[in-house]
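Down below is the structure, laid out as structure tokens.
Owing to the predicted nature of the structure, the values given are computational and were not obtained by experimental measurement. Quick note: residue numbers are just sequence positions, from 1.
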Amino acid sequence: MIINSNGDLQEHPALIPGKAMPEATAAIPAKHSEWAESYRTLGRTGLTCSGAGFGTYRVHVRVQEHRAALAKALRMGINLIDTSSNYTGGNSERLIGEVLTGLIGQGIIKREEVIVVSKGGYIQGELFEEMQRRANEAHADYSSGSELSELVRHSQGLWHSIHPDFLRDQLTDSLERLQLETLDVYLLHNPEYYIEWAIQDGIPADEAIDEYHRRIKQAFAYLETEVERGRIQWYGISSNTFPRAEDAIDRTSLERVWQSAEEVAGDAHHFAVVEFPMNIFEPGAIAERNQRHGTEALLDFCVEKNLGVLVNRPLNAIAAKKLIRLADFPLREVPPDEDLDDLLHDLKLQEVEFSSNLLNALDLDEQNRDAVKQFLTLGQNLDGGNWREFASMEEWLDISRSVLAPRIQYAFDILRPLTQENSALIVFLTHYAESVDEAFEHLSNYYTNSGHDRSMKIHQALDALMGAEYKPLSLSQKAILLIRSLPQISSVLVGMRSDEYVDDVVYGLQANALPRATEIWERLAAVKSEA
């Protein structure tokens, strides 16, 4: 039984037979001549992949816009899809399975033309609750080498594992959700969680690193058996720490990982693909000489071993612990700062008046009264110019959407049942809601404009490096082009959750690769180093 897009249980459909094939994928570029030059070979797999891949981190089976975007991307020649067992609780994989089944059934695409990449390792959500129950059972097996003995209990709500028994179950579930007989590439997903957890647990660094690579080698030995069974074609690792400095404790050493693969299966091993973050603010993959005792960069080693290279987070840069979205933002109409000051001060007065008088007269228990008093404080928190203190547009959007708005909504949910016989409360909530909506709109526009100003500065800097030919491109197209122009990169993974995003990415593939890409990256790295 599986869960369909309506959330109902249904009989498991027949799995899609076949797998991505070198001959079939090699024929794809000829069907899309406008961006045929953007296709690359995915390293030693021999498969041909689109220069941009469809990333599905926030894609959900129940969102029609996501379904339409994936179908459109596949029709337009994007033939690499990247997902993971933990993306939206498995609903990313479910969406992919349904879209592939539909398009293949209609004869629009062939299974042999599409490269599907998934990952395993994370224990979150319902899976976390299940593993907790198993771990707490009286007869739980904690003997040396058992699945439970190697659980990485990283934090509340987040565990991790790359034990063969765990991966076996995860691969089975992924194949069922994807409706595939064979997964083309299966990646260990951020196994470096082990090192971070081990160091926090007091394990000496050298011991932690040795155990880390023992676990990777053990996982590789298991994955070779899945290649033999035909459930996967190739395997690899997705790690955020591949590009880290050589002396970083939590760095995943690609050189040592490659050695583990050779120890498992000699030259016949199927370790073939790596994935890691890279963008104009995080050039570590080309700038850090972290292989062969500091003499070689990560991308150089990838070329030497003919590894397929997938880049994630091309448009979401982390600089100075701040998120920077590499995209264009429109200019919005914003009132003068003094008007915003007045609006938030008025909001504060409404809150103080409510808490001092009306709130005390409401029939609420102490817990709900305290919650309302604590959560209806937007004006009090942002008055006095505090609204200017958010570091970036991304920080404002994150805090407003994940903290401020939910807290206000929670307070309203407590108060709403009391409005039937309280006209004063109705008046307050109506007025307050209008003021909050106005404040959120103006502040969002204010920070969108700051994002616009920042994006224009980045445009100017990139135009000076890339040349006039590329000036008309959007910022996201420039950021992707800079990465895919490097010959070592196979595909750049981009979240394309709407038709608009698909068009921006795919039409950006028409741009010619930069002839001096390596030189430009060296200059970007130098600027970052000087900063």
Side-chain angles (χ1 to χ4, degrees), residues 18-26 39-49 80 82 112 115-121 162-164 167-168 171 181-192 209-239 241-243 246 251-276 285-286 289-311 486-491:
K19 56 191 177 183
M21 299 294 290
E23 300 83 0
T25 57
Y39 287 84
R40 297 279 178 82
T41 302
L42 188 61
R44 59 199 302 265
T45 71
L47 301 170
T48 299
C49 62
L80 187 144
D82 177 85
E112 294 76 16
I115 304 165
V116 183
V117 180
S118 194
K119 319 180 194 74
I162 57 170
H163 188 278
L167 293 176
R168 184 177 298 109
L171 177 57
E181 284 188 355
T182 302
L183 189 59
D184 301 305
V185 181
Y186 192 69
L187 305 178
L188 304 182
H189 199 178
N190 293 342
E192 65 270 16
I209 293 171
D210 286 343
E211 173 63 12
Y212 177 51
H213 286 281
R214 183 199 69 78
R215 294 185 179 204
I216 288 175
K217 183 177 178 180
Q218 176 181 253
F220 282 3
Y222 157 68
L223 291 174
E224 288 290 344
T225 69
E226 291 292 3
V227 174
E228 292 178 11
R229 288 183 63 186
R231 296 213 298 170
I232 64 173
Q233 287 205 73
W234 305 91
Y235 62 85
I237 293 179
S238 174
S239 173
T241 65
F242 270 136
E246 187 177 25
R251 177 178 70 99
T252 300
S253 168
L254 182 54
E255 185 178 0
R256 192 162 175 180
V257 165
W258 179 267
Q259 180 182 347
S260 294
E262 290 187 322
E263 290 172 357
V264 165
D267 293 338
H269 68 79
H270 291 80
F271 175 70
V273 178
V274 292
E275 181 180 323
F276 47 79
I286 195 170
R289 297 190 174 276
N290 61 5
Q291 308 294 316
R292 301 197 185 286
H293 305 291
T295 63
E296 196 170 89
L298 176 65
L299 287 182
D300 295 329
F301 190 88
C302 291
V303 170
E304 178 185 327
K305 301 303 181 183
N306 194 22
L307 289 168
V309 176
L310 305 178
V311 166
L486 291 169
Q488 306 97 320
I489 305 298
S490 306
S491 189

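For the pair Gln233/Val185, no side-chain contact is recorded, criterion being any heavy-atom separation below 4.5 Å from C-beta on. In this structure, Leu310 and Leu80 have side chains that are in contact, with non-hydrogen atoms separated by less than 4.5 Å. Side-chain contact between Leu254 and Phe276 is absent, with no heavy atoms from C-beta onward closer than 4.5 Å. Using a 4.5 Å heavy-atom cutoff, the side chains of Leu167 and Leu188 are in contact. Side chains of Pro191 and Ile237 form a contact here, defined as non-hydrogen atoms less than 4.5 Å apart. Between Ile489 and Leu486, some side-chain heavy-atom pair lies under the 4.5 Å cut-off. Taking the side chain as every heavy atom from C-beta outward, His269 and Trp258 approach each other to under 4.5 Å. Contact of the Leu171 side chain with the Glu226 side chain is registered, since non-hydrogen atoms from C-beta on lie closer than 4.5 Å.
Here the closest heavy-atom approach between residue Val273 and residue Thr45 is recorded as CG2-CG2, 4.1 Å. In terms of heavy atoms, Ala221 sits closest to Val264 at CA-CG1, 3.6 Å. Taking all atoms of both residues into account, the shortest heavy-atom contact from Ser239 to Glu192 is OG-OE1, 2.8 Å. Closest non-hydrogen pair, Gly18 versus Glu112, comes out as CA-OE2, 4.5 Å. The nearest pair of heavy atoms linking Thr182 to Gly230 is OG1-O, 2.8 Å. Ile115 and Cys49 make their closest contact through CD1-CB, 3.7 Å (heavy atoms, listed as atom of the first residue, atom of the second, distance).
Atom OG of Ser253 sits about 9.5 Å away from atom CD1 of Ile209, to the nearest 0.5 Å. Separation of atoms CG (Leu183) and NZ (Lys119) is listed at 10.5 Å; rounding is to 0.5 Å. Put simply, NZ on Lys305 and CD on Glu255 are 8.5 Å apart, with the number rounded to the nearest 0.5 Å. Put simply, CG on Leu42 and OG1 on Thr25 are 9.0 Å apart, with the number rounded to the nearest 0.5 Å. In this structure, Thr295 OG1 and Glu246 CD are separated by 8.5 Å, a value rounded to the nearest 0.5 Å. Atom-to-atom distance recorded for Lys217:NZ and Glu262:CD is 11.5 Å, nearest 0.5 angstrom.
There is no side-chain donor-acceptor pair under 3.5 Å between Thr48 and Thr41. Counted by atom type alone, Thr252 and Tyr212 present one or more donor-acceptor pairs between their side chains at under 3.5 Å. No side-chain donor-acceptor contact under 3.5 Å links Tyr222 and Gln218. Side-chain atoms of Gln259 and Glu263 include a donor-acceptor pair closer than 3.5 Å.
Of the possible donor and acceptor atoms, none in the side chain of Arg251 sits under 3.5 Å from a partner among the backbone N and O of Phe242. Without hydrogens or angle criteria, Asp184 side chain to Ala20 main chain gives a donor-acceptor distance under 3.5 Å. Checking side-chain atoms of Ser490 against main-chain N and O of Val309 turns up a donor-acceptor pair under 3.5 Å.
Glu296 has no carboxylate O lying under 4.0 Å from a charged side-chain N of Arg289, or vice versa, which leaves the two without a salt bridge. The existence of a salt bridge linking Asp210 and Arg256 is confirmed by a sub-4.0 Å separation between a basic side-chain nitrogen and an acidic carboxylate oxygen.
Ring geometry, His270 versus Trp234: the interplanar angle falls from 30° to 60°, so the pair is classed tilted. Classification of the Tyr235-Phe271 ring pair by plane angle, with boundaries at 30° and 60°, yields tilted.
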Output, in order, the C-alpha distance, side-chain angles, deciding distance and verdict of side chain to side chain contact (heavy atoms under 4.5 Å, CB included) for Glu275 and Leu187.
CA-CA 8 Å; Glu275 181 180 323; Leu187 305 178; 3.5 Å; yes
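None of Gln488, Arg292, Gln291 except one satisfies the side chain to side chain contact (heavy atoms under 4.5 Å, CB included) rule with Glu304; the exception is Arg292.
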